[in-house]
Amino acid sequence: MAGFRTLDDIGNARGKRVLVRVDLNVPVADGKISDFTRIERIIPTLTELSDKGAKVILLAHFGRPKDGPDPVFSLDPVANAVSAMIGRPVAFAADCIGNEAADAVSTMKDGDILLLENTRFHKGEEKNDPDFTKALAANGDIYVNDAFSAAHRAHASTEGLAHLLPAYAGRTMEAELQALEKGLGNPARPVVAIVGGAKVSSKLDLLMNLVKKVDALVIGGGMANTFLAARGESVGKSLCEHDLAGTARQIMIEAASAGCAIILPSDGVVAREFKAGAANETVVINAVPDDAMILDVGPKTVEAVNQWIDRAATLVWNGPLGAFEIEPFDTATVAAARHAAERTREGKLVSVAGGGDTVSALNHAGAADDFTYVSTAGGAFLEWMEGKDLPGVEVLKA
Ligand SMILES: Nc1ncnc2c1ncn2[C@@H]1O[C@H](COP(=O)(O)OP(=O)(O)OP(=O)(O)O)[C@@H](O)[C@H]1O
Ligand SMILES: O=C(O)[C@H](O)COP(=O)(O)O
């Protein structure tokens, strides 16, 4: 790929300690991995390096731990899932730096695979701290980044390491960038984006630029509630970042001046508990009870979303329309996903979706295989759409 060194350029890797940044931030439901797509996608890189006799040392984050090591965010169970998928043993070390990591690396044989514990257990990761980066680099001779979906983060393991070790793009990184360029480099118009999900604070700013790139922005999921609140609607106990109402209002103003339509839910399915089968009712948006949460968009909204999908020549989707992991709050996401899949099958739509949970939702709907392209990336994909430079990609450029 232009501008990058890839695994083709790595030369003789036998016996080399290769630090491979992967994205193992997989969706989990009831303590079990609910979607394996991110693991599946890294297998080509791991197999190739292991076959070349490299000592393959995996670096990854999991969730957003706040205060150091926390068993809830341990990658330990994920090692077994990677092992099952690749059909080779994958060892695990309980720290990504220090003696624990060094000891595990020192016992590796050529071709072995080792997963190190969550990089975010150290504050230096997100700060891209030079000392922490050096401590990570101490265990490697070569750095490979195969985590396109984390490339929007300028963290030690996604950006910093590339300054200290010879750096290469992995096969998934390469494939993701090629596929996005092919599907969305010069998109057929109208372009409609659907943005939902729960990462409101970290994705809201992205929408400011996205509205300048797309013809319509459909906002659903937890993301919609902040916009509804900004418009003065009561959203009860719904997931909502009330302090970001000003940003949401600004996005609506930007959209109006860029000629981008903003589509917000007109109805919602509300419940008092966040659990499967919780008693629920469909209400119009200005009638959400104070003690209820909107857990899905309602049928009228689905109709409107599907009409926008019908108008679109290109669809970009990140973030589910509702809490799809718990039935029946998967209804809107499943309906819209199947509708987009059908339009794509009919050759009327180029559909590109991305995000850990979004992919999981499309798989749940049985729609993923019909989409033109499904990226593992959520936030990174949206930033790429905006035209932003991704730190983890830029640093790989020769
Ligand atoms: N109305 C809602 N209330 C609460 N949670 C919601 C609602 N709608 C969607 N969600 C949650 O949003 C989560 C997914 O959001 P998220 O922004 O992480 O998407 P993603 O596709 O995983 O993107 P990324 O890869 O960037 O994380 C799901 O766990 C889902 O339950
Ligand atoms: O799930 C993702 O989008 C990536 O793994 C990045 O996770 P983050 O938003 O917590 O940095």
Side-chain angles (χ1 to χ4, degrees), residues 21-29 34-35 37-38 41-42 60-66 73 75 78 118-120 125-126 147-155 157-159 176 194-204 206-207 219-228 235-241 265 268-271 273-276 278 280 285 288 292-298 301 316-327 329-333 337 353-364 368 374-385 390-392:
R21 180 45 157 108
V22 288
D23 191 348
L24 295 175
N25 197 21
V26 287
V28 171
S34 56
D35 190 86
T37 309
R38 281 185 169 163
R41 297 282 181 96
I42 60 169
H61 74 280
F62 184 56
R64 294 175 171 176
K66 294 255 172 301
F73 296 108
L75 278 168
V78 182
N118 197 340
T119 50
R120 289 190 184 171
E125 163 70 342
E126 291 176 66
F148 172 70
S149 42
H152 56 320
R153 308 289 178 219
H155 294 175
S157 68
T158 59
E159 201 271 349
E176 290 262 27
I194 301 178
V195 177
K199 288 183 179 171
V200 182
S201 53
S202 67
K203 288 184 189 163
L204 200 60
L206 305 182
L207 303 187
I219 307 176
M223 182 69 90
N225 303 334
T226 302
F227 282 84
L228 292 170
V235 294
K237 289 203 157 53
S238 305
L239 171 73
C240 177
E241 310 248 0
V269 182
V270 300
E273 290 173 288
F274 192 98
K275 70 168 199 203
N280 63 85
I285 279 308
V288 176
M293 298 169 273
I294 308 169
L295 290 183
D296 198 6
V297 303
T301 306
V316 176
W317 187 346
N318 168 252
L321 293 174
F324 74 97
E325 302 94 331
I326 47 171
E327 288 180 9
F329 309 104
D330 58 341
T331 307
T333 305
D357 288 295
T358 307
V359 176
S360 176
L362 296 187
N363 282 330
H364 171 71
V374 174
S375 170
T376 58
F381 161 51
L382 290 180
E383 289 199 21
W384 180 91
M385 259 306 282
L390 306 183

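Just so you know, ligand 1 is whichever comes first in the structure, and atom 1 is the first atom listed for that ligand. The chain is numbered in sequence order, starting from 1.
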Exercise. Got a donor-acceptor contact below 3.5 angstrom from the S34 side chain to the P27 backbone?
Worked result: yes
Exercise. What atoms of ligand 1 come closer than 4.0 angstrom to any heavy atom of G378?
Worked result: 24 (P), 25 (O), 26 (O)
Exercise. With a 4.0 Å cut-off on heavy atoms, does S202 reach ligand 2?
Worked result: no
For this session: Would you check whether I294 has a nitrogen or oxygen atom less than 3.5 angstrom from a nitrogen or oxygen atom of ligand 1?
Result: yes
Exercise. Which value, rounded to the nearest 0.5 Å, describes the distance between T37 atom OG1 and N363 atom CG?
Worked result: 4.5 Å
For this session: Do me a favour and list the nearest non-hydrogen protein atom to atom 23 (O) of ligand 1 with residue, atom name and distance?
Result: K203 NZ, 3.0 Å
Seminar exercise, completed: of all protein heavy atoms, closest to atom 7 (C) of ligand 1 is G222 N, 3.4 Å
Exercise. Between E125 and R21, does at least one N-O distance fall below 4.0 Å, as a salt bridge requires?
Worked result: yes
Exercise. Ligand 1 and T358, any nitrogen or oxygen pair closer than 3.5 angstrom?
Worked result: yes
Exercise. If you measure every N/O of H152 against every N/O of ligand 2, is any gap under 3.5 Å?
Worked result: no
Exercise. Given that the side chain starts at C-beta and the backbone is N, CA, C, O, which of these parts of R120 lies under 4.0 Å from ligand 2, counting heavy atoms, or is it both or neither?
Worked result: side chain
Problem set entry | Distance filter under 4.0 Å to K199 heavy atoms, resulting ligand 1 atoms | 17 (O), 18 (O), 24 (P), 26 (O), 27 (O)
Exercise. Side chain, backbone, both or neither: which part of S149 comes within less than 4.0 Å of ligand 2 when only heavy atoms are counted?
Worked result: backbone
Seminar exercise, completed: Looking only at heavy atoms, the pair that brings P65 and F73 closest together is CB-CD1, 3.6 Å
For this session: Could you find the nearest protein heavy atom to atom 11 (C) of ligand 1 and give me its residue, atom name and distance?
Result: A198 CB, 3.8 Å
Exercise. Checking N118 side chain against L75 main chain: does a donor-acceptor pair fall under 3.5 Å?
Worked result: no
Problem set entry | Under 4.0 Å to a heavy atom of N318 - the qualifying atoms of ligand 1, by number | 21 (O), 23 (O)
For this session: Ignoring angles and geometry beyond distance, decide whether D296 reaches within less than 3.5 Å of ligand 1 through its nitrogen or oxygen atoms.
Result: no
Problem set entry | E126 near ligand 2 by a heavy-atom separation under 4.0 Å | no
Exercise. Evaluating non-hydrogen atoms only, which member of D357, T376, V26, D23 is closest to atom 5 (O) of ligand 2?
Worked result: D23
Problem set entry | Which residue and heavy atom of the protein sit nearest atom 6 (C) of ligand 2, plus the separation | H61 NE2, 3.7 Å
For this session: Provide the number and element of each atom of ligand 1 under 4.0 Å from a heavy atom of G379.
Result: 26 (O)
Problem set entry | Residue R64 vicinity, atoms of ligand 2 by number, heavy atom under 4.0 Å | 8 (P), 9 (O), 10 (O)
Exercise. Closest heavy-atom contact between W317 and T358?
Worked result: O-CG2, 4.0 Å
Problem set entry | Any donor-acceptor N/O pair, T119 side chain to A60 backbone, under 3.5 Å | yes
Problem set entry | Under 4.0 Å to a heavy atom of N25 - the qualifying atoms of ligand 2, by number | 1 (O), 2 (C), 4 (C), 5 (O), 7 (O)
Problem set entry | Protein heavy atom at shortest distance from atom 10 (N) of ligand 1 | G322 O, 4.0 Å
Seminar exercise, completed: Quick note on ligand 2: atoms under 4.0 Å from a heavy atom of R153 include exactly 8 (P), 9 (O), 11 (O)
Problem set entry | Sidechain-backbone polar pair: E176 side chain, S149 backbone, donor-acceptor under 3.5 Å | no
Problem set entry | Taking atom 28 (C) of ligand 1 as the reference point, the nearest protein heavy atom with its distance | E325 OE2, 3.1 Å
For this session: Show which atoms of ligand 1 fall inside a sub-4.0 Å distance from at least one heavy-atom site of D357.
Result: 14 (C), 18 (O), 20 (P), 21 (O), 22 (O)
Exercise. Which one holds for M293 and ligand 1: side chain close, backbone close, both close, or neither close, with close meaning a heavy atom under 4.0 Å?
Worked result: neither
Exercise. Below 3.5 angstrom, do we get any N/O pair linking L239 and ligand 1?
Worked result: no
Exercise. Under 3.5 Å, N or O to N or O, is T376 touching ligand 1 that way?
Worked result: no
For this session: Check whether any N or O atom of G356, backbone or side chain, sits under 3.5 Å from an N or O atom of ligand 1, and answer yes or no.
Result: yes
Exercise. Is a donor on one side and an acceptor on the other found under 3.5 Å between the side chain of N25 and the backbone of D23?
Worked result: no
Exercise. Near R38, which atoms of ligand 1 are under 4.0 Å from a heavy atom of that residue?
Worked result: 25 (O)
Exercise. Purely on distance, is any nitrogen or oxygen of F274 under 3.5 Å from one on ligand 1?
Worked result: no
